[in-house]
Amino acid sequence: MNVDLLAHPAEEVAPKLLGSVLTCKTPEGTVSIAITETEAYSGAADPASHAYRGRTPRNAVMFGPAGHLYVYRSHGLHWCANVVTGTDGTASAVLIRAGRVIEGENLARRRRGERVDSPRLARGPGNFCQALGITGEHNGADLLTDTSVVLAEGEPVPATLIQAGPRVGVSKAHDWQHRFYLAGEPTVSSYRLSPRAKPTSGA
């Protein structure tokens, strides 16, 4: 993966990450997942972004440079992984919402549960990280040079398969068309409107 592909606003990079492959190597083994669903989050202009109110110790990685991994804990339960994009000093990141396991499925299933079927192994951002073995220890990892967690280009995705829609589960700016996914892909998560969501202007 070339850093130049990531050095743009999150909403431009998010659809381009579809089909890319994220690989995580741990002492347990290696899992690789082809990305099938993403969501874009920017900074001060995005009320749903962690960086909406500025830089903090928690979100510092989100301010760049591009190509690093921003990992945070959601609701104290699940790890979520984001690819940092844009220019250094400006908050911008793409949340990885779902993917298809292409290597290490047996290990991913042990982590997720033996009864979980293949399409659900990495469906949803928390499940994606659990299947890969990504935790808070990976926060700040350089996806372009690190050997344990790597982002690579995958097979090209036809533009006709890429669809956009509102973001899932956020209460602010939920109707922004910043969620991108592959049409007809069974690994993509279902859309859920947050019960706290209020109408907002589109972006």
Side-chain angles (χ1 to χ4, degrees), residues 1-2 5-6 8-24 29-41 48 69-72 74 78-85 92-134 138 143 149-170 173-194 197 202-203:
M1 178 67 70
N2 191 316
L5 296 176
L6 304 176
H8 301 278
E11 61 271 22
E12 295 180 17
V13 177
K16 296 178 181 179
L17 285 180
L18 296 174
S20 298
V21 177
L22 192 58
T23 297
C24 187
T30 299
V31 174
S32 295
I33 300 179
I35 297 169
T36 60
E37 182 183 11
T38 61
E39 278 181 348
Y41 290 89
L69 192 67
Y70 169 46
V71 181
Y72 66 87
S74 176
H78 309 291
W79 295 110
C80 296
N82 302 255
V83 177
V84 177
T85 66
S92 180
V94 176
L95 172 67
I96 309 303
R97 284 205 54 87
R100 175 172 45 85
V101 178
I102 59 174
E103 180 184 355
E105 183 168 327
N106 289 338
L107 176 55
R109 181 166 281 107
R110 289 202 301 273
R111 290 168 172 165
R112 287 278 291 115
E114 295 296 336
R115 296 185 178 181
V116 177
D117 57 21
S118 296
R120 294 191 295 122
L121 286 174
R123 180 192 294 163
N127 296 333
F128 185 95
C129 283
Q130 186 178 7
L132 267 180
I134 286 179
H138 295 100
L143 295 169
V149 57
V150 179
L151 179 67
E153 294 183 56
E155 294 295 326
V157 173
T160 54
L161 292 182
I162 299 175
Q163 295 190 351
R167 296 183 287 196
V168 176
V170 295
H174 63 88
D175 51 356
W176 289 17
Q177 303 294 295
H178 285 184
R179 172 179 170 243
F180 302 90
Y181 56 95
L182 298 181
E185 170 59 50
T187 61
V188 172
S189 56
S190 300
Y191 175 71
R192 300 186 311 278
L193 176 66
S194 168

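For reference, positions follow the sequence shown, starting with 1.
- Put simply, OG1 on Thr36 and CD1 on Ile162 are 11.5 Å apart, with the number rounded to the nearest 0.5 Å.
- Residues Ile33 and Ala131 share a closest heavy-atom pair of CD1-CB, 4.2 Å.
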>> If you apply the rule side chain to side chain contact (heavy atoms under 4.5 Å, CB included), what do you find for Leu5 with Glu153, and how did you get there?
In response: CA-CA 10 Å; Leu5 296 176; Glu153 294 183 56; 3.6 Å; yes
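- Side-chain contact between Trp176 and Arg167 is present, with heavy atoms from C-beta onward closer than 4.5 Å.
- Neither side chain, Glu103 nor Thr30, offers a donor N or O lying under 3.5 Å from an acceptor on the other.
- Remark: His78 NE2 to Gln130 CD distance equals 8.0 Å, nearest 0.5 Å.
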>> As a quick check of understanding, evaluate side chain to side chain contact (heavy atoms under 4.5 Å, CB included) for Arg112 and Asn127, giving each step before the final call.
In response: CA-CA 7 Å; Arg112 287 278 291 115; Asn127 296 333; 3.4 Å; yes
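- Although no hydrogens or angles enter the test, the distance criterion places no donor-acceptor pair under 3.5 Å between the side chain of Glu105 and the main chain of Ser118.
- Under the rule for a ring-ring contact (aromatic ring centres under 6.0 Å, His included), the partners of Tyr70 that lie at least two apart in sequence or sit in another chain are His50, Tyr72.
- Within the 4.5 Å cutoff, the side chain of Val31 has no heavy atoms near those of the Cys24 side chain.
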> Yes or no on side chain to side chain contact (heavy atoms under 4.5 Å, CB included) for Leu22 and Phe128, after CA distance, side-chain angles and deciding distance?
Replying inline: CA-CA 10 Å; Leu22 192 58; Phe128 185 95; 3.7 Å; yes
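- Here the shortest heavy-atom pairing between Thr38 and Ala14 reads OG1-O, 3.0 Å.
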>> Working note: Leu6 + Val94, criterion side chain to side chain contact (heavy atoms under 4.5 Å, CB included); need CA distance, chi angles, decisive distance, verdict.
In response: CA-CA 10 Å; Leu6 304 176; Val94 176; over 6 Å; no
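- Smallest separation of non-hydrogen atoms from Ser92 and Ala10: OG-N, 3.0 Å.
- Residues Thr187 and Leu182 are not in side-chain contact: their nearest non-hydrogen atoms beyond the backbone lie 4.5 Å or more apart.
- In terms of heavy-atom proximity, Arg111 sits nearest to Gly133 at NH1-N, 3.3 Å.
- For the residue pair Ala81 and Ile134, the shortest heavy atom distance occurs at CB-CD1, 4.4 Å.
- Judged purely by distance below 3.5 Å, without hydrogens or angles, the side chains of Arg97 and Ser189 pair a donor atom with an acceptor atom.
- Here Arg123 contributes atom CZ and Arg100 contributes atom CZ; the two are 13.5 Å apart, rounded to the nearest 0.5 Å.
- Within a 6.0 Å radius of CD in Glu114, more than 12 heavy atoms belonging to other residues, nucleotides or ligands are found.
- Between the OG atom in Ser32 and the CG atom in Leu132 there is a gap of 7.5 Å [rounded to 0.5 Å].
- Interatomic distance, Lys16 NZ to Phe180 CZ, rounded to the nearest 0.5 Å: 11.0 Å.
- Note that CD of Glu37 and CD of Gln163 are 11.5 Å apart. Values are rounded to the nearest 0.5 Å.
- The two residues Asp175 and Pro166 make their nearest non-hydrogen contact at CA-CB, 3.9 Å.
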